Amino acid sequence: MDQVIKPIRNRKRLPFFLSSLLFASYYVVFYLIPSPPNEVSQLSKWILDWKIYLQIADEILIFAVLAFIPSIYQLANPWRKEEPPAALFASGLIFLLVLPMFVLVDLLIGRLVYPVNVYPLGEETIVFLLSLQVGTMHMISLVLALAILLYSISFRKRKGGGFVFAFGIFAFGFQMIASYSWILSPELLLVCQLSFPIWLVFVQSVEQV
């Protein structure tokens with residue numbers, strides 16, 4: 001019986017590892033891209049110089065979002081009896097807010113590097129897209145921080161949940177810091193952002209207990 005159950009559990013854990021790897025790759029690729037120049041006239045050149053990296057990040061992000069969906073369902077299944085309300089609320093936050101905002105960020109990056117009919121990409125449009133991207137990532141980090149905290153509190157009494165709870169507190173703080181990306185160094189921002197995919201790897205060890 002154990003030989004049958006173990007492969008099933010391993011398959012259920014695959015989305016956690018896959019989404020964690022993809023989100024980590026997305027953050028690392030963006031770390032390799034220098035910040036947009038302050039001079040508006042240099043933005044078009046910045047996009048052209050780093051177009052390949054932006055395209056790679058854009059493609060990685062959409063697949064990371066898709067891989068994240070089954071993970072959320074396993075973290076808090078609404079059909080499962082006695083599911084912690086805090087975990088259900090956290091899943092609602094991710095489904096209704098975090099995932100749509102990640103998709104929006106993906107669309108904003110895509111608009112910078114992929115042609116859309118014959119519509120010109122002027123300097124004002126670039127500034128608007130970049131500003132909206134930063135603002136959306138700010139909101140993602142804040143909501144994600146709350147979701148991580150609620151999940152971690154819900155799982156603290158499960159086997160192995162104490163460690164996840166402790167790391168969840170750190171991940172919560174890191175995500176709060178990451179929400180203010182414009183005042184952080186690229187290195188510190190990367191460390192804070194990576195707390196999320198690392199937390200995903202840890203949380204899969206208790207989600208089926």
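These values consider heavy atoms only, across backbone and side chains, with no hydrogens, waters or symmetry-generated copies. Residues: numbered from 1 along the sequence shown. Here the structure is a predicted model, which means the values were calculated and not measured.
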Under the side-chain contact (heavy atoms from CB on, under 4.5 Å) test, which residues partner [X], sequence neighbours left out?
{"X": "Ile52", "answer": "Gln55, Ile56"}
{"X": "Pro34", "answer": "Trp46, Trp50"}
{"X": "Leu97", "answer": "Leu93, Met101, Val143"}
{"X": "Leu107", "answer": "Val103"}

Quiz item: Any chance CZ of Phe95 has more than 12 other-residue heavy atoms, nucleotides or ligands included, within less than 6.0 Å?
Solution: yes

Quiz prompt | Within residues 30-53 or reaching into it, pairs that qualify as salt bridge (Lys or Arg N to Asp or Glu O under 4.0 Å) - sequence neighbours excluded | solution = Lys45-Asp49

Practice problem: Starting from Leu189, walk the hydrophobic network (Ile, Leu, Val, Met, Phe, Trp, Tyr; side-chain heavy atoms closer than 4.5 Å) and list everyone else you reach, by chain and number. | Solution: Val134, Ile177, Tyr180, Trp182, Ile183, Leu184, Leu188

Quiz item: Got a sec, which residues hit ring pair (Phe, Tyr, Trp, His ring centres under 6.0 Å) with Phe167, two or more places apart in sequence or on another chain?
Solution: Phe202

Can you tell me which residue pairs pass the side chain to side chain donor-acceptor pair (under 3.5 Å) test with a partner in [range], sequence neighbours excluded?
{"range": "residues 107-116", "answer": "Glu59-Tyr114"}
{"range": "residues 166-179", "answer": "Gln175-Ser195"}
{"range": "residues 127-137", "answer": "none"}
{"range": "residues 92-110", "answer": "none"}

List the atom pairs, donor and acceptor, that lie under 3.5 Å between side-chain atoms in residues 19-26 and the rest of the protein, sequence neighbours left out.
from  : atom 1 : to     : atom 2 : distance (Å)
Ser19 : OG     : Pro15  : O      : 2.7
Ser19 : OG     : Phe16  : O      : 3.2
Ser20 : OG     : Pro197 : O      : 2.6
Ser25 : OG     : Leu21  : O      : 2.8

